[in-house]
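Computed from heavy atoms alone, side chains included, the values below leave out hydrogens, waters and symmetry copies. Whatever order the structure lists them in is the order used to number ligands and atoms, beginning at 1.
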Amino acid sequence: MKKILINGGKKLSGTIKIGGAKNSIVAILPATVLTNKKCKIYNVPNISDVKKLNEMLTFLGAKIEYKDEYIIVDNNSINNKEITKEFSSSIRASYYFMGALLSRYHRAEISYPGGCVIGSRPIDLHLKGFEKLGAKVEVKDNKYIITADELHGADIFLDIASVGATVNLIFASVLAKGITHIWNAAKEPEIVNVVTFLNSMGARIYGAGTDAITIEGVSELGNGTVEVIPDRIEAGTYLMMGILLGENLIIDGIIKEHLEAVITKLRETGATFEIEGSKITVSKALKLNAVNVKTSVYPGFPTDLGQPMSTVLTQCEGESLFEETIYEDRMRHIKHLNSMGANISLYNSTALIRGKTKLKGTTVVATDLRAGAAMLVAGMIASGTTEITNIEHILRGYENIVDKLTNVGAKIKLVDE
Ligand code: EPZ
């Protein structure tokens with residue numbers, strides 16, 4: 001096991017280059033299963049989730065070539081195998097192999113998916129959607145066995161605008177006979193990125209990025225090419241560090257409209273930035289004012305930035321209310337912030353955060369990926385040294401984070417526990 005040590009309070013200046021979006025690539029890699037032709041994927045982030053998914057593809061028989069600017073995935077000779085617990089439990093996105101294998105082979109066998117402990121995270125909407133498309137879903141020995149004689153178009157209304165269910169049902173319908181409509185679909189930019197990839201292979205998918213997506217089933221897919229969009233959550237995390245410690249810190253590689261909710265909310269605190277094309281320049285704000293933050297589906301304030309934003313709110317003068325509305329158990333970072341000197345009262349998934357409080361370094365735990373991000377932001381501003389354990393969570397979603405922060409002046413290192 002490894003841990004991160006941070007000696008806080010250092011100003012950050014220079015440029016941080018944002019990598020490809022984790023929540024795009026974790027769907028794009030399983031999507032390559034849908035074709036037996038080669039796929040070229042640009043801007044693949046160097047994160048452990050990619051390594052894990054590439055292992056899963058290789059386990060199925062994929063040939064993956066790693067070039068400087070892109071990777072080539074060749075699934076011509078893959079076989080349909082059970083995705084065992086060893087793979088499926090280590091990453092939430094393993095569930096995308098359900099839709100992809102069902103689509104290509106009309107059969108998928110996969111143990112329960114894993115992922116951050118931020119709630120029960122059921123996949124009932126995925127499974128109900130598969131059944132609407134003509135599949136049979138069985139649960140046996142802690143795994144799902146999903147089979148179909150034929151997959152046909154269907155009208156699917158999602159009770160929740162679920163990112164995973166939207167993507168998985170696109171996978172399951174892209175080769176089905178007929179037309180599928182997904183109503184109340186998730187609108188996240190990562191979904192548009194995956195659909196762009198599928199359409200490059202010859203899929204006929206319309207409306208991605210809106211809440212109504214139409215998929216005209218095709219008989220087969222060809223070669224695919226895609227560039228992974230910049231990771232808006234990684235960018236938002238560094239932007240938050242910038243308003244607390246930046247000195248003309250440049251965050252390079254953002255798509256502004258993907259961060260509107262975050263930029264607007266941070267501006268509301270009194271933070272200022274210059275935005276020029278794909279770059280944001282940010283410096284430490286003289287004073288930050290308390291604001292209220294409520295997470296919601298895209299284009300609202302993203303749940304994945306709620307935890308690091310809680311840390312920012314500890315530095316805002318006054319009482320801020322932070323409410324997490326997507327997951328029922330995504331507040332485990334609060335007690336660790338309080339152990340560093342924050343003054344936060346928690347009522348279920350709503351936190352009353354009284355600022356501004358001085359944070360002091362201590363040992364804290366990254367209970368999940370974005371709780372880890374909240375600890376990183378806290379450690380960067382705290383006095384003394386902060387030790388963050390369980391940092392494997394962080395390495396799943398933040399590529400080369402120690403190097404990126406060291407290069408702009410942070411005193412941060414990765415050490416063995
Ligand atoms: C994706 O998770 C992301 N993960 C999450 O990012 C992100 O927080 C989430 O979307 C929301 O934006 C990946 O893309 C791998 P959901 P996903 O299905 O697809 C409930 C990170 O930190 N739900 O939109 O699992 C669910 O329990 C991770 O990068 C059902 O009830 O999210 C949750 O409360 C964390 N039944 C809500 O919907 C279902 O069948 C949203 O979940 C599916 C979901």
Task: Test of proximity, G164 against ligand 1: N or O pairs below 3.5 Å - done: yes
Task: Rounded distance [0.5 Å steps], OG in S48 versus CD1 in I91 - done: 8.0 Å
- [ ] Would you check the N or O atoms of I326, main chain and side chain alike, for any that come under 3.5 Å of an N or O of ligand 1?
- [x] yes
Open item on the list: Among all protein heavy atoms in this structure, tell me which lies nearest to atom 9 (C) of ligand 1, with the distance rounded to 0.1 Å.
Closed with: Y327 OH, 3.2 Å
Task: Side-chain ion pair, E190 and K22, N-O less than 4.0 Å - done: no
Open item on the list: Would Y95 count as being in polar contact with ligand 1, using the rule that some N or O on each side must be under 3.5 angstrom apart?
Closed with: yes
TODO: For the residue pair M98 and F171, establish whether any side-chain heavy-atom pair is separated by less than 4.5 Å.
DONE: no
TODO: Indicate yes or no: does an N/O atom of K22 lie under 3.5 Å from an N/O atom of ligand 1?
DONE: yes
Task: Atoms of ligand 1, numbered as shown, that sit under 4.0 Å from any heavy atom of R370 - done: 21 (C), 22 (O), 29 (O)
TODO: Measure the distances from the heavy atoms of Y298 to every atom of ligand 1 and state whether one is below 4.0 angstrom.
DONE: no
Task: With sequence neighbours excluded, residues passing side chain to side chain donor-acceptor pair (under 3.5 Å) with H258 - done: none
Task: N343 and its side chain to side chain contact (heavy atoms under 4.5 Å, CB included) partner, picked from R354, E319, K356 - done: R354
Open item on the list: With heavy-atom distances below 4.0 Å as the criterion, list the atoms of ligand 1 near R330.
Closed with: 8 (O), 22 (O), 35 (C)
Open item on the list: Quick check for you: to the nearest 0.5 Å, what is the distance between I233 atom CD1 and L369 atom CG?
Closed with: 9.5 Å
Task: Nearest-0.5 Å distance, CG of residue N348 to CD of residue E328 - done: 11.0 Å
Task: Option set A161, P302, P122, criterion heavy-atom distance to atom 31 (O) of ligand 1, minimum - done: P122
Task: Atom indices of ligand 1 within 4.0 angstrom of V26 heavy atoms, with elements - done: 15 (C)
Task: Protein heavy atom at shortest distance from atom 40 (O) of ligand 1 - done: L125 N, 2.8 Å
- [ ] Looking only at protein heavy atoms, identify the closest one to atom 25 (O) of ligand 1 and say how far it is in Å.
- [x] R92 NE, 2.8 Å
Open item on the list: Does any N or O of ligand 1 fall below 3.5 Å from an N or O anywhere on N23, backbone included?
Closed with: yes
Open item on the list: Return the CG to CD1 distance between L395 and I4, rounded to the nearest 0.5 Å.
Closed with: 6.0 Å
Open item on the list: Within ligand 1, which atoms have a heavy atom of I123 less than 4.0 Å away?
Closed with: 39 (C), 40 (O)
Open item on the list: I'd like the name of whichever of S296, S162, G129 reaches closest to atom 18 (O) of ligand 1 through any heavy atom.
Closed with: S162
TODO: Could you say whether the N/O atoms of L369 and ligand 1 ever approach to under 3.5 Å?
DONE: no
Task: Heavy-atom gap V297 to ligand 1 smaller than 4.0 Å - done: no
TODO: Check whether the side chains of T32 and N75 place a donor and an acceptor atom closer than 3.5 Å, and report yes or no.
DONE: yes
TODO: State the NZ-CZ distance between K132 and F157, to the nearest 0.5 angstrom.
DONE: 11.0 Å
Task: Residue, atom name and distance, where the atom is the protein heavy atom closest to atom 20 (C) of ligand 1 - done: I160 CD1, 4.0 Å
Open item on the list: Quick check on H393 - does any of its heavy atoms sit under 4.0 Å from an atom of ligand 1?
Closed with: no
Side chains of residues 405-417: which donor-acceptor partners sit under 3.5 Å, not counting sequence neighbours?
unit_1	atom_1	unit_2	atom_2	d
T406	OG1	V402	O	2.6
N407	ND2	D403	O	3.2
D416	OD1	K2	NZ	2.7

- [ ] Any chance you could measure I215, atom CD1, to I205, atom CD1, to the nearest 0.5 Å?
- [x] 6.0 Å
